[in-house]
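Below is one structure; the comments refer to it alone.
As a basis for the values below, the full set of heavy atoms in this structure was taken, side chains included, without hydrogen atoms, waters or symmetry mates. Just so we're clear, the structure is a prediction, and the values are computed from it rather than from any experiment. Order of the sequence lines sets the chain letters (A, B, ...), proteins ahead of strands, with each chain counted from 1.
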Amino acid sequence: MSAPKRFQPPTGTRDFFPADMAVRRHVEQIWRQVALRHGFDEIDGPTFEHLELYTVKSGDEIVSELFSFRRAGGEKDYALRPEFTPTLARMVAAHGSDYPKPIRWYSIAPMFRAERPQRGRLREHIQWNCDVLGDPSPRAEVDVLAAAAHTLALLGLDPAEVRIRISHRDLVTLLLTRLGGVAEAALTPALAWLDRRLKVEPAAFRARAGELGIATEALACLDELAGAPRPARALLGPAIDALGTRFGAIADGHPALRHLREIATRLEAAGVLDWCDLDLGVVRGLAYYTGTVFEIHEASGAERAIAGGGRYDRLVELFGGPPTPAFGFAMGDVVIRLVLEDRGRLGPRESYLPRPDAFVIDLAAGAPRQDAVLMQLRRAGLHARASGRSSTNLGKLLGDAAKARARTAVIIGSEFERGEVAVKDLDRGAQQVIPLAALDGALRSILHGGAAPH
RNA sequence: GCGACGAUAGCUCAGUCGGUUAGAGCGCCUGAUUGUGGUUCAGGAGGUCGCGGGUUCGAUUCCCGUUCGUCGCCCCA
């Protein structure tokens with residue numbers, strides 16, 4: 001026999017052993033719970049798509065960032081999905097008309113990218129997408145943003161720790177053209193450079209901005225509006241309060257500003273406005289965004305963006321569907337988990353594993369009666385486990401029960417001949433002898449917090 | 001695709017200025033007169049020092065390569 005070959009997981013991927021999986025489920029369950037409560041239906045699509053789905057808008061450069069492949073002997077190019085939105089837009093373009101508008105869908109699924117892993121970025125991660133399609137009004141934004149804020153709260157974070165930074169591409173464009181003097185042709189590179197504003201040296205930023213034709217007036221305004229994001233509450237007041245004296249007068253009455261103010265009004269009513277900042281520095285790199293864009297960041301700027309999203313009113317049309325305004329966002333599991341760890345919001349990993357309702361111990365090791373009791377409990381809907389060892393040492397078996405974090409131990413001993421078992425509440429230590437026929441009820445009474453009768 | 005740094009027990013790490021049997025804590029297994037746990041005590045198992053090559057009398061230690069990881073660049077979904 002040849003020497004065994006040891007395999008490691010591929011670069012940038014993760015193995016989820018039980019405790020890690022339990023933490024993952026903790027986050028996913030909150031995502032799912034929020035989506036459900038907010039009226040989103042779950043969908044999914046293929047894990048890989050035709051490569052063209054991603055290149056049609058972004059050009060061929062993006063291929064190097066995708067895992068793309070071709071079936072042996074085949075001629076079609078495929079790619080593991082790097083994001084969900086193209087799949088969603090494709091699905092809506094094909095069958096969106098079958099559903100009443102607005103469509104509110106979510107998905108929780110793995111996404112892939114071929115880049116070198118670094119903090120907060122792996123080659124495979126689990127991503128939650130939440131989208132509203134067919135509603136051009138600010139209600140779409142509010143539906144999504146409220147779900148995002150609700151999620152942050154349920155994860156144990158508060159508005160002092162994480163901020164939802166909201167922006168609008170039309171406002172940024174207006175600023176660049178009217179105040180910055182940027183020509184139409186230079187708009188796209190100017191927006192792209194803006195996206196990098198906080199990642200490069202201020203001097204380097206100004207130098208390149210000058211080349212792009214962005215006037216110093218606009219840069220000063222950006223420093224004011226994007227350097228220190230102001231609470232989105234400012235949108236409830238005059239335009240000058242929200243956008244400053246220079247830009248406020250120009251933007252006053254602009255549809256984009258009106259849109260943002262309507263969003264703010266509704267966010268206030270929903271009780272989530274205080275999670276939000278207005279930050280025109282948020283542009284987002286993706287080409288398909290058309291209006292409102294936002295990112296969620298840890299307040300101190302630590303870690304990468306926790307989530308990001310925006311309006312993509314043209315994308316469904318681009319994939320051959322009817323004109324369908326859309327707004328959505330995506331949150332990955334990697335960064336949010338880092339933030340929760342940074343903030344000490346995650347307990348010990350093991351604490352997320354499900355606790356067995358009952359741990360069945362048979363003092364005559366290996367007897368079939370143990371299987372009978374286990375199945376009785378399982379048929380009654382309880383989570384029942386037993387030790388894998390063949391010991392009859394009750395102390396050790398109770399140790400196993402404690403290690404499994406079981407809530408009760410069902411001990412099968414000599415009483416079994418009389419049709420009885422001992423039931424021990426492992427959290428409180430109390431123990432009683434119960435007829436087998438009454439076992440389910442006795443366990444449920446313990447599990448539901450009722451103190452065992454003394 | 002590029003750069004820096006790292007890899008010793010299941011986990012977190014110490015150590016070897018190149019030299020006999022490589023250590024600790026935690027975890028795991030066994031036991032402490034055979035029906036009561038998460039404490040204690042005593043034992044025990046477990047490492048080709050990531051992998052491959054080179055230098056050397058001798059390499060876990062030095063050099064090169066490689067894989068994986070961490071952090072950054074590019075890019076950003």
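One finds no side-chain N or O of A/Arg121 lying less than 4.0 angstrom from the OP1 or OP2 phosphate oxygen of B/U70.
To the nearest whole angstrom, the two C1' atoms, one in B/G46 and one in B/A9, are 6 Å apart. Distance noted for atom P between B/C13 and B/U70: 14 Å (whole Å). Separation of the P atoms belonging to B/G6 and B/G15 is 14 Å when rounded to the nearest angstrom. Taking the P atoms as reference points, B/U16 lies 23 Å from B/C11, given to the whole Å. If you take atom C1' in B/C28 and the same atom in B/C71, they sit 34 Å apart, rounded to whole Å. A gap of 29 Å separates the P atoms of B/A24 and B/C63, to the nearest Å. Spacing of P atoms, B/C49 relative to B/A59, comes out at 12 Å, to the nearest Å. Nucleotides B/A22 and B/A14 are separated by 11 Å at their C1' atoms, to the nearest Å.
By the 6.0 Å and 45° rule, A/Arg104 stacks over the aromatic ring of A/Phe40.
Of the candidates B/A77, B/C71, B/G35, B/C71 carries the atom nearest the A/Arg119 side chain, counting heavy atoms from C-beta on. Of the candidates B/U70, B/C75, B/U36, B/C75 carries the atom nearest the A/Glu115 side chain, counting heavy atoms from C-beta on. Side chain of A/Glu415, nearest nucleotide from B/G35, B/G72, B/U36: B/G35. The side chain of A/Arg116 has B/C73 as its nearest neighbour among B/C75, B/C73, B/U36. In this structure, of B/U70, B/G31, B/A77, it is B/A77 that holds the atom nearest to the side chain of A/Pro82. Closest contact between the side chain of A/Thr11 and the listed nucleotides B/C2, B/G37, B/G69 involves B/G69.
Across all strands shown, B/U56 forms no Watson-Crick or G-U wobble pair with both distances under 3.5 Å. Of all nucleotides present, only B/G10 satisfies the Watson-Crick or G-U wobble test against B/C26, with each distance under 3.5 Å. Base-pair partner of B/C74: not found among the strands shown (Watson-Crick or G-U wobble, both distances under 3.5 Å). Across all strands shown, B/G69 forms a Watson-Crick or G-U wobble pair, both distances under 3.5 Å, with B/C5. Shown here, B/G18 forms no base pair; nothing in the strands shown gives a Watson-Crick or G-U wobble contact with both key distances under 3.5 Å. Base pairing of B/G46 is not made with any nucleotide, judged by Watson-Crick or G-U wobble geometry with both donor-acceptor distances under 3.5 Å.
Counting distance only, with no hydrogens placed and no angle test, the side-chain atoms of A/Gln118 and the base atoms of B/U70 include no donor-acceptor pair under 3.5 Å. Contact annotation: side chain of A/Gln127 to base of B/A77, donor-acceptor pair absent below 3.5 Å.
Rounded to an integer number of Å, the gap from A/Glu124 CD to B/C76 P is 22 Å.
Using a cut-off of 4.0 Å between Lys/Arg side-chain N and Asp/Glu carboxylate O, A/Arg165 and A/Asp277 are scored as not salt-bridged.
Using a 3.5 Å distance cut-off with no hydrogens or angles, the side chains of A/Thr13 and A/Glu124 do not pair a donor with an acceptor. Of the N and O atoms on the side chains of A/His297 and A/Glu295, at least one donor lies less than 3.5 Å from an acceptor on the other residue. Remark: the A/His26 side chain and the A/Arg24 side chain contain no N/O donor-acceptor pair separated by less than 3.5 Å.
Proximity of the aromatic rings of A/Phe48 and A/Tyr78 is defined here by a centroid distance below 6.0 angstrom, and this criterion is met.
Where A/Asn393 and A/Ile411 each meet RNA chain B at their nearest nucleotide, the meeting point lying more 5' is that of A/Asn393.
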